[in-house]
Engineer: 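I'd like to ask some things about the structure below.
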2 protein chains.
Amino acid sequence: MTTDDAGAKSSLQRGIAILRMLADSNESGARLTDIARDLNLTPPTVHRILKTLVEEGMVEADKSTKRYRLGIDLFTMAARAGNPNNLRDICRPIMLRLSATLRDTIFLLVRSGFDAVCLDRSEGPFPIRSFTGDIGGRVTLGVGQGSLAILAFLPDEEREEVIRFNLPRMQGVGILDEVYLRTEIARVRDLGYASRSTGLLPGMSGVAVPVLDREGHAVAALSVGTITERLNEERLPVVVDILKREAAGVCRQLNPFDPVLRRPAAVLGSGAS
Amino acid sequence: MTTDDAGAKSSLQRGIAILRMLADSNESGARLTDIARDLNLTPPTVHRILKTLVEEGMVEADKSTKRYRLGIDLFTMAARAGNPNNLRDICRPIMLRLSATLRDTIFLLVRSGFDAVCLDRSEGPFPIRSFTGDIGGRVTLGVGQGSLAILAFLPDEEREEVIRFNLPRMQGVGILDEVYLRTEIARVRDLGYASRSTGLLPGMSGVAVPVLDREGHAVAALSVGTITERLNEERLPVVVDILKREAAGVCRQLNPFDPVLRRPAAVLGSGAS
DNA sequence: AGAAAGTTTCCGATATACGGAATAAATGGG
DNA sequence: CCCATTTATTCCGTATATCGGAAACTTTCT
């Protein structure tokens, strides 16, 4: 039983597996038969599950091409997911302020397992490339400044675990070897920010600061992505300073209980409904 | 059997129902018992389904508070949804260009049932409020300029259906009555854009143009949201002109078969794997 | 500390999902 | 244009995975 297809049993699991598959083949969508083949399911089974998923609005079926893709309902759900501790809501105005002030693109990253995930992004006027790409994008934890800033400020054991797991995944993405990575991490911990240009995205640079919890461990990173010229010796310290200040502000809001007031600080709720 | 809880049977449907519920109570997450109560399920059932969802990474359980919320895996997966015909990918660079050029916030809306959904957004330097709010946000189809631009250019029967369904939902959001709405729609069809300030968001205005398919029906809307001063008589026509040009460009890219070449135009696939 | 509410495990009955086989629809080739 | 082939969909008997009552266990509240 542990040999070939170790797992997928319940219809719920199969349904999720199908959603996963659709997420990966999203450009054009996937056909029923392909799904059945890839997931080792029979066409009737896939058909029935897809029917349910379509009825529930999680999947859309293109009647003409018979291709299935993830539905907009699911997209709407994503907007409400990935908001741990209201992090995204808290950071939104800050990111707007930052991108308006700095005139660069701001990213909010959080850790997810051995990856960093882009939770939000606020565009500046300069077109840029980043490792995580769009909102929802993932990158190996440690690759890229934001990602590195998180890794550097993880609790010791967790950091070691991630390093062990991720080193093999980092081949060819700028991490030369373990020594190099550890040197970088030490540097970031020392400076309080990550800024080295990796040279992997030509002309692009970034600088990131961790968002820390009260134990001093990273829960997220605020990151600026821009063209290399815009992070010169003159500008870098200014940007770092601003970022650090904002990160500290986020940290304060993340700890909802004000030590003085002994109650949740400054509730938002200005909007209706 | 058709009386009270007409529906939810399969574990897949129950699983999705739970995800839906978690999406609605996402600030703080939901507890097992609450879910069971709201969905008319027994605690053991909810427990088992949640366990599966957690194993699959769709849901995260806060061990300490025993609260469940949507997981980041779902966030990542769902971020890849809502990209019909590559619309989002196609529009991304255009939106960046627009927000950089106009220095205002750009929205990309698509229809989803009787709502418009914000597929993407590119921030300008002016802080603004909008009906759809963030990416993934929904608004009644017809409320707001982008939403109205889509409604106005829907196929006749569909438009009627939406109007019939949505009129009751529009009370108190600026739509006075059916006559007013129909007048507005006619206006939008005539001008080719939607721009009236609704006065619902004080100081805010917007202008939107539909993205049409080759039958002339709306598949989406490109919308500019800004402060009212910035859409004065002088600037409005310029903005409309730019928007229309970009929308036409999107339209061209949406129809992948070039009428001359008779083959898919400009395939992307620059990346590996 | 005791009570109440919530969570998790267990297990037998049964409802639900599975997939083979057959049918229908679409695709493609001659 | 028709026939062969692939793909999608329906049907239904079987078997298995799901359900929920009961109970053990944990946490929260008073």
Side-chain angles (χ1 to χ4, degrees), chain A residues 1-2 4-22 25 28-56 58-71 256-257 262-264, chain B residues 1-22 25 28-56 58-69 71 256-257 262-264:
Chain A
M1 267 62 175
T2 56
D4 51 346
D5 60 0
K9 279 160 183 133
S10 74
S11 70
L12 179 53
Q13 284 171 311
R14 287 170 207 243
I16 293 172
I18 289 177
L19 289 178
R20 280 236 170 71
M21 194 189 151
L22 290 179
S25 61
S28 50
R31 291 180 316 169
L32 188 146
T33 318
D34 301 330
I35 299 171
R37 195 180 310 112
D38 283 28
L39 301 179
N40 278 312
L41 299 172
T42 59
T45 298
V46 175
H47 182 256
R48 189 165 23 78
I49 294 178
L50 276 175
K51 203 168 138 215
T52 302
L53 289 172
V54 169
E55 279 165 7
E56 294 289 334
M58 311 304 281
V59 167
E60 282 165 10
D62 187 325
K63 280 276 186 179
S64 62
T65 65
K66 295 286 181 59
R67 294 186 110 91
Y68 295 87
R69 60 169 88 99
L70 298 183
F257 281 89
R262 292 271 72 189
R263 62 170 177 77
Chain B
M1 266 59 176
T2 56
T3 45
D4 50 345
D5 60 1
K9 281 162 181 136
S10 74
S11 70
L12 179 53
Q13 284 171 312
R14 287 173 208 242
I16 293 172
I18 288 178
L19 289 179
R20 280 238 169 67
M21 195 191 151
L22 290 179
S25 61
S28 50
R31 289 181 318 170
L32 187 145
T33 320
D34 301 330
I35 299 172
R37 193 182 310 110
D38 284 28
L39 301 179
N40 279 312
L41 299 171
T42 59
T45 299
V46 175
H47 182 256
R48 188 166 24 78
I49 295 178
L50 276 175
K51 203 169 137 212
T52 302
L53 289 172
V54 169
E55 280 165 6
E56 294 289 333
M58 311 305 279
V59 167
E60 281 165 10
D62 187 325
K63 281 276 188 181
S64 62
T65 64
K66 295 287 182 61
R67 293 186 111 90
Y68 295 86
R69 60 168 87 102
F257 281 90
R262 292 271 72 188
R263 61 172 178 76

Engineer: Quick check for you: among dT16(C), dG19(C), dT8(C), whose closest atom lies nearest to any side-chain atom of T45(A)?
Structural biologist: dG19(C)
Engineer: If you define the side chain from C-beta out and look only at heavy atoms, does anything of V59(A) sit under 4.5 Å from L22(A)?
Structural biologist: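 SC-SC contact between V59(A) and L22(A) confirmed.
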Engineer: When the distance from CD of Q13(B) to C1' of dA17(D) is rounded to whole Å, what number comes out?
Structural biologist: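 Going from Q13(B) (CD) to dA17(D) (C1'), I get 16 Å.
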Engineer: Among the candidates dT7(D), dG21(D), dG6(C), find the nucleotide nearest to the side-chain atoms of R37(B).
Structural biologist: dG6(C)
Engineer: Pick the nucleotide of DNA chain D nearest each of L12(A) and L32(A); which residue has the one closer to the 5' end?
Structural biologist: L32(A)
Engineer: Figure out the CD/C1' separation between E55(B) and dT8(C), and round it to whole Å.
Structural biologist: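 Taking atom C1' of dT8(C) as the reference, CD of E55(B) is at 14 Å.
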Engineer: By nearest nucleotide on DNA chain C, pick out whichever of K66(A) and L41(A) is the more 5' one.
Structural biologist: L41(A)
Engineer: Report the distance from atom NZ of K63(B) to atom C1' of dT26(D), rounded to the nearest whole Å.
Structural biologist: 13 Å
Engineer: Measure the shortest side-chain to side-chain distance between T33(B) and V46(B) over non-hydrogen atoms and say whether it is less than 4.5 angstrom.
Structural biologist: no
Engineer: How close or far is atom C1' of dC29(D) from atom CZ of R31(B), stated in whole angstroms?
Structural biologist: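 After rounding, the gap between these two atoms is 12 Å.
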Engineer: Could you tell me how far apart H47(A) (NE2) and dG20(C) (P) are, to the nearest whole angstrom?
Structural biologist: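 One finds 17 Å between P of dG20(C) and NE2 of H47(A), rounded.
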Engineer: Checking L41(A) against I35(A) for the side chain to side chain contact (heavy atoms under 4.5 Å, CB included) test, could you report, in this order, the C-alpha distance in whole Å, the side-chain angles of both residues, the deciding distance, and whether it holds?
Structural biologist: CA-CA 8 Å; L41(A) 299 172; I35(A) 299 171; 5.6 Å; no
Engineer: Over how many whole Å does the gap from K51(B) atom NZ to dA17(D) atom C1' extend?
Structural biologist: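 Atom-to-atom, K51(B) to dA17(D), this comes out as 14 Å.
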Engineer: Would you tell me if any nitrogen or oxygen in the side chain of R14(A) comes within less than 4.0 Å of OP1 or OP2 on dG19(C)?
Structural biologist: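 Indeed, a polar side-chain atom of R14(A) lies that close.
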Engineer: Of all the nucleotides listed (dC19(D), dT10(D), dT7(D)), which has the minimum atom distance to the side chain of S11(B)?
Structural biologist: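 Nucleotide nearest to S11(B)'s side chain: dC19(D).
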Engineer: Just the rounded figure in Å: distance from P of dA17(C) to CG of L50(A).
Structural biologist: 15 Å
Engineer: Would one find a side-chain N or O of S10(A) under 4.0 angstrom from OP1 or OP2 of dA17(D)?
Structural biologist: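 No.
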Engineer: In this structure, how many angstroms lie between the P atom of dG20(C) and the CZ atom of R48(A), rounded?
Structural biologist: 12 Å
Engineer: Does a side-chain heavy-atom distance below 4.5 Å link Q13(B) with T52(A)?
Structural biologist: yes
Engineer: One pair to check against side chain to side chain contact (heavy atoms under 4.5 Å, CB included): L32(B) and K66(B). What are the steps and the verdict?
Structural biologist: CA-CA 8 Å; L32(B) 187 145; K66(B) 295 287 182 61; over 6 Å; no
